[in-house]
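Comments concern the structure below.
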Number of protein chains: 2
Amino acid sequence: MLAAARKHLLLDRLARDGRIVAKDVAAELGTSEDTIRRDLRELDAEGLAVRVYGGALPASPAVVDYAARASVAPDSKHRVAATAARLVTPGSTVILDGGTTALAVTAALPRDLDCTVVTHSVTVAAALLEHRAEVIVIGGRLFKHSAVACGAGAAEAALGVSADLFLLGVTGVHAEAGLTTGDADEAAMKRTLASRAADTYVLASEEKIGAASRFAVLPLEGVTGIITDAAAGSAPMRALEAAGAPIVRAS
Amino acid sequence: MLAAARKHLLLDRLARDGRIVAKDVAAELGTSEDTIRRDLRELDAEGLAVRVYGGALPASPAVVDYAARASVAPDSKHRVAATAARLVTPGSTVILDGGTTALAVTAALPRDLDCTVVTHSVTVAAALLEHRAEVIVIGGRLFKHSAVACGAGAAEAALGVSADLFLLGVTGVHAEAGLTTGDADEAAMKRTLASRAADTYVLASEEKIGAASRFAVLPLEGVTGIITDAAAGSAPMRALEAAGAPIVRAS
DNA sequence: CCCATTCTTGCATGTTTATGCTTACTCTGC
DNA sequence: GCAGAGTAAGCATAAACATGCAAGAATGGG
C-alpha cells in the first residue's frame, strides 16, 4: 500500500470516526503500528491531525479542509516554515500572512511561545487558537480563494498595527518580476502589511522560485530576506542571486 | 478508549449536564474511578473544569463551550441551526455569532445561497469558505475560548455594519436572568451586534433553556425570536412562556 | 539494463506513559 | 466526632512510544 494512500485513509477515518486508534488501524491494514505512528506524527506536523497517546484526533476542521486542498509537497514548505518560525522571538509582534505556507508556520510555532500574532487569514487565526500567543485578527471582506480579509476596511485596520516582523507569502519570486501574487487587492494588502513591520521575510517554498504572477507585491530588495530551500545551483536561484535578492537558506 | 477522547467526553458531559459525578462516569466508561479523577484533576489544572468533592463542575461557561467544540453536535443543535438557516433569504445580510450552534448554522446554509454573512468568529468564517456567500470578517483581539474577535476594535468595526438579521448564540436562556453568556466582553459585543440588525434571533439548543451564565446580553423581549426545540411542556419552557419570551419552535 | 542511492518499512532497543490497585489521609453529613 | 464516601500518592504492570538499524522496494543516472 502506498504511503500517500494510507495517509488519505487515515484522514478519512479521522473525519468519519473522529479518532484513530493506532493499534486497530495497523491490524486492519496489515502494517506495523510503527508505520501508522510515523504517519500520524507526520500528519500532526502538517497540522492535519492532533497526535495523542494511542492514536490521533482531528485537528480543527476548518484547518484540515483548507490544508488538504493544497495537497502539495509539504517538505519544502515545512522547512521554510520551520526556519521562519525561528525568527519569532518571545515578546515580539509578528504579522502572519495567509496561505498554506503561513499555515505551516503556525504548526512550527511553539505552542507556549508568548508573542503577538497579527493576521488577516481566518485559517491562520483558527490554527492559533490552541497557542498561547495573543492573536489579533484583521477583519474585512473575505477572499475565498486564499481565506484572507482584504479590501479598504482591512487595509485601514492594518494601518493601526506596528510589528517587529512580517512573514509574507507570495505565489512568485522572480529575478525580474520580483515578488508577485495572483490578486490585485491581495497584493495591495501585502504591501500595506509590509509597511507596518520593521522586517519582512518572504516564505518562498521551492515551487515559488522562478515563478511570477500578475500582480507585483514588492521588489526583491524591498524585503529583509527571502526564506527558501530551493537548490542553490538551479537557474532561477542563480538569477535571483545575481539580481541581489537577499536569500536566506532554510534548514 | 483514547485518553484524550475521554477528556473530550468529560468536557462534553460538563457542558451538557453542568456537572460530573466521578463514580457514574467511571462505571459508564468501564474505567476505574481513579482514572476519571486523574482526568478531572488535569482538566482542572488546565482551567477547563473545577474539581469538587465527588466530581467536577464547569469552569467559566465560555471556556467549556469552546473546549467542547470538537465534540459531536447533538441533534438539538442541528434542528435549531436548520430552522435558523431558513431565515436567511437570498440577497440579505446576516450577522452570524460565534459558538458551536452558529457553526452548525453554516453547515445548514445552502452552499449556493447568495447572501452576505458578517461574523466575528474565525471558525465560522473558515467554515463559510466554500459557500457562495460574501463573508465579512469583523477583526479584533481574538478571544481564544470562543474563537471570536472582541474588544474595542471589534466593536468599532461592528458599528459600520447594517444587517437584516442577527443570529445570536448564548449560553443561557432563563426566564428571569434573560439571555446570558460567560464573558463580559463577549456580552458587550453581542449587544453591539444586535443593535446593528433589524431582527435578532437567538440560537437556543436544548441545553441552554433554563440555564443562566454570569453576564447579561439582552432581556428576553429584546430579541425578535428565540429558536429552540426544547420540549414545550418542561418547567423552564413554561417559565419562559409565562415571562413572555418570543419562542420560535425549531423543526 | 544495471548499479548506486534513496526511501520506506518493520523490528529490536530502551524509555515513557497510562492505568488500576493499595494504602493512608480528608472531607461531608449526620 | 464518627462513619462512610471520596481522595491523593505511591507502586507495579502493561501498553505505547521514539529511535536506531537493517532489509527490501523504488528511483534515477549511467
Side-chain angles (χ1 to χ4, degrees), chain A residues 1-11 13-14 17-59 71-79 82 107-108 110-112 205-207 229-235 250-251, chain B residues 1-14 17-59:
Chain A
M1 166 160 229
L2 291 172
R6 200 177 48 233
K7 281 199 198 176
H8 265 123
L9 187 140
L10 288 173
L11 285 176
R13 284 301 157 85
L14 218 39
D17 306 336
R19 70 173 169 279
I20 282 177
V21 179
K23 199 173 80 167
D24 298 352
V25 183
E28 183 185 345
L29 297 184
T31 108
S32 80
E33 291 179 39
D34 297 73
T35 301
I36 301 301
R37 273 197 283 268
R38 247 184 288 244
D39 289 341
L40 294 179
R41 231 178 294 163
E42 285 162 22
L43 290 176
D44 178 280
E46 292 166 35
L48 296 172
V50 176
R51 188 82 175 79
V52 299
Y53 196 88
L57 294 174
S71 60
V72 266
D75 280 355
S76 172
K77 249 182 233 290
H78 207 234
R79 272 192 297 274
R111 296 216 167 173
D112 56 355
S205 48
E206 206 169 2
E207 77 276 14
D229 74 332
S234 67
S251 55
Chain B
M1 166 158 231
L2 296 176
R6 197 179 50 233
K7 282 200 201 177
H8 269 127
L9 187 140
L10 288 173
L11 285 175
D12 231 9
R13 285 300 159 86
L14 220 37
D17 306 337
R19 78 184 112 79
I20 282 176
V21 179
K23 199 172 79 167
D24 298 352
V25 183
E28 184 185 346
L29 298 184
T31 100
S32 79
E33 292 180 40
D34 295 75
T35 301
I36 301 301
R37 274 198 284 270
R38 244 184 289 246
D39 288 342
L40 294 179
R41 230 177 297 160
E42 285 162 22
L43 290 176
D44 179 280
E46 292 166 34
L48 296 173
V50 176
R51 187 81 175 81
V52 297
Y53 197 85
L57 294 174

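Below, read A as the first sequence line, B as the second, and so on, with proteins coming before strands; counting in each chain starts at 1. Nothing here was measured: the structure is a model prediction, and the numbers come from that model.
- The main-chain N or O of B:Lys7 is never found under 3.5 Å from a side-chain atom of B:Asp39 such that the two would form a donor-acceptor pair.
- Distance NZ (A:Lys7) to P (C:dT9): 9 Å, rounded to an integer number of Å.
- With a heavy-atom cut-off of 4.0 Å to chain B, the contacted part of DNA chain D has its first and last nucleotide at D:dA5 to D:dA9.
- Regarding A:Lys23, its NZ atom lies at a distance of 14 Å from the C1' atom of C:dA18, rounded to whole Å.
- Taken from CG in B:Leu40 to CG in B:Leu11, the straight-line distance is 9.5 Å, to the nearest 0.5 Å.
- When the nearest nucleotides of DNA chain C are assigned to A:Glu33 and B:Glu33 by heavy-atom distance, the more 5′-ward of the two goes with A:Glu33.
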- [ ] Give the intermediate values and the outcome of side chain to side chain contact (heavy atoms under 4.5 Å, CB included) for residues A:Thr35 and A:Arg6.
- [x] CA-CA 10 Å; A:Thr35 301; A:Arg6 200 177 48 233; 3.4 Å; yes
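- Looking at heavy-atom distances under 4.0 Å, A:Val21 makes no contact with the nucleic acid at all.
- Using a distance-only test at 3.5 Å, with no hydrogens or angles considered, a donor-acceptor pair links the side chain of A:Arg51 to the main chain of A:Gly55.
- Residue-to-nucleotide proximity on DNA chain D shows that, of A:Arg38 and B:Asp34, the 5′-proximal contact is made by B:Asp34.
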Open item on the list: Applying salt bridge (charged side-chain N to carboxylate O under 4.0 Å, His left out) to B:Arg13 and B:Glu28, what does each step give before you reach the verdict?
Closed with: CA-CA 12 Å; B:Arg13 285 300 159 86; B:Glu28 184 185 346; 2.9 Å; yes
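- Going from atom CZ of B:Arg37 over to atom P of C:dT26 covers 16 Å, rounded to whole Å.
- Side-chain contact between B:Val25 and B:Thr31 is absent, with no heavy-atom pair separated by less than 4.5 Å.
- C:dT16 atom C1' lies 7 Å from atom OH of A:Tyr53, rounded to whole Å.
- For the pair A:Thr35 and C:dG10, the criterion of a side-chain N or O lying under 4.0 Å from OP1 or OP2 is met.
- Separating the CZ atom of A:Arg51 from the P atom of C:dT16 is a distance of 17 Å, rounded to the nearest angstrom.
- Listed pair A:Thr31 / C:dG10 meets the phosphate criterion, a side-chain N or O lying under 4.0 Å from OP1 or OP2.
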